[in-house]
There are 2 protein chains.
Amino acid sequence: MARRSDHTREELEKLILDAAWAIIGTDGYNGLTARGIAKHIGYTPGTIYNLFASMDDLSLHINARTLDLLYDVLADPACNDPKKSPAQNMKRMARHYIRFAQEYRPYWLMLFSYSLPEGRRDDPWYQQKIDRLFSPLETLLCPYFSPRQDGQRQKTARLLWASVHGLCFLQETGKIALAYGKKNGGKAAADSMADMLIDTFLNGIKSR
Amino acid sequence: MARRSDHTREELEKLILDAAWAIIGTDGYNGLTARGIAKHIGYTPGTIYNLFASMDDLSLHINARTLDLLYDVLADPACNDPKKSPAQNMKRMARHYIRFAQEYRPYWLMLFSYSLPEGRRDDPWYQQKIDRLFSPLETLLCPYFSPRQDGQRQKTARLLWASVHGLCFLQETGKIALAYGKKNGGKAAADSMADMLIDTFLNGIKSR
DNA sequence: ATAATAATTGAACAATGTTCATAATATTTA
DNA sequence: TAAATATTATGAACATTGTTCAATTATTAT
């Protein structure tokens, strides 16, 4: 058959991405297959390749969705409350990140799993979604730097971001046990460590 | 055929792991296939399943090798030089870690890639290899904590470890650009950030 | 109506992990 | 030594995977 015009090209693209999103949520990103998506939306595998160059390309679009969601979480005004200290806001932001990784676990894992498209990853539209992830944290760091020290501030933001991500990653993948001793082996480990990191690090900045 | 007794069971096991190691070094861990290993050692795919329960099981043994190598790098006496300050030793240790991730990139990526055996990952012999990764850093932190604060010291070690790992991970996978602006986009970003992290963090501990 | 265009199909291909009856070789027993 | 037994390598088979593409069909333009 052909041109069933059940859906426009854009609708079909969204249909595919929605199906993929649902499958990942259920079966993890390893459970994502072209045939699975096709069956889910009542089409055949070949159709998917009409709209996406490859499964990797499709994965990139899924990751873009995840990045958008993550940005919304980090840019939440609750993490930039003028009535609270920068440290408090940063801690809240860190908790938001850690909670995001838990709630959207399969998507977050997919985002950071290797074996994804090396090629199109540096498309400007994708890279832009990544770069802006740091900006909420950069804003919170303003009180600690003069306007001349923009470079330092950006560097610090990326440093703190990567550190919290490292904590979160080790906890969430479970590849390396963050928890020490017997107790506190649960989800709280990364939260508590992020707090400690932020307090100590900001303390170190102030007394420089 | 059968029981060619060209090799003992142990020899064959080593033969397979060596071949797998070589293949990963060349083609990355996605290029690792049962048939590829078999061809490499002059056997057939079935043989591999005589010695390893699955490809995941085999991957776990590869990861164990990587963990051993990584431990040796972190436990290098050069990172515990009594003539140098703890900060200097820590910076060197961080650089060792970052350099390891670069030199042994495919193995290091494999170690932290998801989709690996969930089941056997918490075998004691494997978990032990992971736990000891922190001990060199714990040692370096001794001057900052009283013997009563062992828990705090361990927590701090894991925190710093995860942070450096986070820096390294983002740089090495390239998923999130650590480099800010145009220049310094190369390998030095993680090094420089690790230095800053260690200086600032230790500074924060001292003035607590 | 007829022709042109576009989209959907589904069969095909190569490659994957994994299983298992079969064949071939050691080892043990008689 | 000969036969019985235990072990192990084999390779064909199965179910999946991503991906391609000629054929088919529905829509649009003439």
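In what follows, every chain begins at residue 1, and chains take the letters A, B, ... in the order their sequences are listed.
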From [atom1] of [X] over to [atom2] of [N], roughly how many Å is that when rounded to an integer?
X	N	atom1	atom2	result
A:L58	D:dT17	CG	C1'	15 Å
A:D6	C:dT8	CG	P	8 Å
A:Y49	D:dT17	OH	P	11 Å
A:L51	C:dT9	CG	P	11 Å
B:H7	C:dT25	NE2	C1'	16 Å
B:I48	C:dG17	CD1	P	9 Å
A:F52	D:dT20	CZ	P	15 Å
A:N50	D:dA22	CG	P	15 Å

Which residues, if any, of residues 31-44 of chain B bring a heavy atom under 4.0 Å of DNA chain C? B:L32, B:T33, B:A34, B:R35

Going by the rule salt bridge (Lys or Arg N to Asp or Glu O under 4.0 Å), which residues pair with [X] if we only count those two or more places apart in sequence or in a different chain?
X	result
A:D195	A:R95
A:D150	A:R153
A:K84	none

Please table the atom pairs, donor to acceptor, closer than 3.5 Å between any side-chain atom in residues 37-46 of chain B and protein atoms at least two apart or in another chain.
{"from": "B:Y43", "atom 1": "OH", "to": "B:R4", "atom 2": "NH2", "distance (Å)": "3.3"}
{"from": "B:Y43", "atom 1": "OH", "to": "B:H7", "atom 2": "ND1", "distance (Å)": "3.3"}

Pair assignment for DNA chain C - dot-bracket with | for other-strand partners, Watson-Crick or G-U under 3.5 Å: ||||||||||||||||||||||||||||||

Using side-chain heavy atoms (C-beta onward) and a distance below 4.5 Å, is B:N63 in contact with B:Y107?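 A side-chain contact is absent here, since even the closest heavy-atom pair is not under 4.5 Å.
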
Is the B:F169 to B:F112 ring centre distance short of 6.0 Å? no

A:T47 vs C:dA7: side-chain N/O to OP1/OP2 distance below 4.0 Å: no

